[in-house]
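Ligands are counted one by one from 1 in listed order, and the atoms in each one are counted from 1 as well.
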Amino acid sequence: QETGNRKQETGNRKQETGEVRSMIYLDNAATTRTAPEVVEAMLPYFTENYGNPSALYSLGATGKKAVNEARRRIAGVIGAKQEEIYFTSGGTEADNWALKAAAEGSAYKGRHIITTRIEHHAILNTCKYLEKRGFEVTYLDVDAYGRIDLAQLEGAVRPDTILISVMFANNEIGTLEPIGEIGRLARKKGIMFHTDAVQAFGQLPIQVDELGVDLLSASAHKLNGPKGIGMLYVRSGVKMGSFLHGGEQERNRRAGTENVPGIVGFGAAAARAMDKMVQKAAVERELRDYLIGRIEAEIPYCRLNGHREQRLPGNVNFSFSFIEGESLLIMLDMKGICASSGSACASGSLNPSHVLLATGLKQEEAHGSLRMTLSEENTREEMDIVVEELKQAVARLRNMSPLYEDFIKSTQES
Ligand code: PLP
């Protein structure tokens, strides 16, 4: 019932045949729908409980209590202590803060940082910024599936290495990195370890102590929470300067009046994600593998990007030879299907995805990529529609492609 209502609300599409079908949303790695119960939890903090949490009267105390309850729920997702969670404006701020403050705080020990070639731009561009300020960054390669090589990581460690930052799960191809092994190595060498867990937080089990993680970034809008709110986990005892200077909020580490409704929404989304994690992942995995199986069986000259098993439950990413991902997206959009080529941040630019290039794809193969990221609200019927529309769109685009024509001629000649 709830799913049916959602589909009506999110816009029905009139098909060419005149038949009405609802939109199929397959871009959950870009952002998710804020869950109705999350919105409901947030509303009183706009309208009634609007007090500033720093105020001394009881209206302020209500806000403060709600912020701390959310902090407790969010800490619970990763087995952290409440006081180790610092609210930020999202994943980008958490990544910036983690890298800049860790680098600055440890610069007296060394100026070398290790990360990977496939990080989100929130990490890569922060690294570029740090390089301009005298830090040296090693960018680890990945294999054809997007996994780093632990031996290469160990070989990259130097006496002046102060920070390792490796993402938990890649936002484009869904590959999961060996976080526990990296954490153990970082511990052994006495190096601080940050992971950008924006795509994994609330989706997969994460225990920071077991994994040896010192700093972790997360963002609410990837788990059916609101946009513009995220957090940085900072292990107790880790020395971190503040990123935003001003008031004394967040124990002097992140100034600015707390985004109380956002924080409450993040807390509600975290609790919801914990309740649903196992069932949601199982539904997504089944839909994912069904979609992958049908595409591989029914569309020639395609390649699955990312790791087949070590992969986010809802991630499907393919390259289709001889076509442009952007054209495919537009054709799918006309059929009411929302997907993405590469990451949302990179779309709009004509540069091929740095992630796909790092996995060894050629420029033209990287250009022909399509990411579809599922949620537990998707259905098998939707997957069937997507496969049919995709088959038609790929065939149509290939028919217009001189490269495809040449290729077909060459196969006929040989
Ligand atoms: N890191 C990763 C892996 C992401 O996927 C994203 C968002 O796409 C971010 C960081 C940035 O998060 P936010 O949109 O909350 O700033």
So, E382 and N378: side-chain donor and acceptor under 3.5 Å apart, yes or no?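 Side-chain D/A pair, E382 to N378: present.
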
Quick check on contacts: which atoms of ligand 1 are under 4.0 angstrom from a heavy atom of [X]?
| X | result |
| --- | --- |
| H221 | 13 (P), 14 (O), 15 (O) |
| S219 | 13 (P), 15 (O) |
| G90 | 15 (O) |
| T92 | 11 (C), 12 (O), 13 (P), 16 (O) |

Region of K222 that comes within reach of ligand 1 [heavy atoms, distance under 4.0 Å]: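 K222 to ligand 1: side-chain contact only, backbone stays beyond 4.0 Å.
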
Check D95 against ligand 1 and report side chain, backbone, both or neither, counting heavy atoms closer than 4.0 Å.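 Side chain only; the backbone of D95 stays clear of ligand 1.
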
Minimum side-chain heavy-atom gap R371-I173 below 4.5 Å: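 The answer is no; the side chains never approach within 4.5 Å.
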
Quick one: which residue pairs count as a side chain to side chain donor-acceptor pair (under 3.5 Å) with a foot in residues 196-210, not counting sequence neighbours?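 Non-adjacent pairs meeting side chain to side chain donor-acceptor pair (under 3.5 Å): D209-R235.
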
Which one of R33, R272, K280, K276 satisfies the side-chain hydrogen bond (donor to acceptor under 3.5 Å, both in side chains) criterion with N224?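 Per the side-chain hydrogen bond (donor to acceptor under 3.5 Å, both in side chains) rule, the option paired with N224 is R272, out of R33, R272, K280, K276.
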
Residue list, ring pair (Phe, Tyr, Trp, His ring centres under 6.0 Å) with F135, at least two apart or on another chain: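 Result, ring pair (Phe, Tyr, Trp, His ring centres under 6.0 Å) vs F135: none returned.
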
G91, any N or O under 3.5 Å of ligand 1 N or O: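 So ligand 1 has an N or O lying under 3.5 Å from an N or O of G91.
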
Minimum heavy-atom distance R398-Y301, with the two atoms named: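 Closest pair (atom of R398, atom of Y301, distance): NH2-O, 3.0 Å.
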
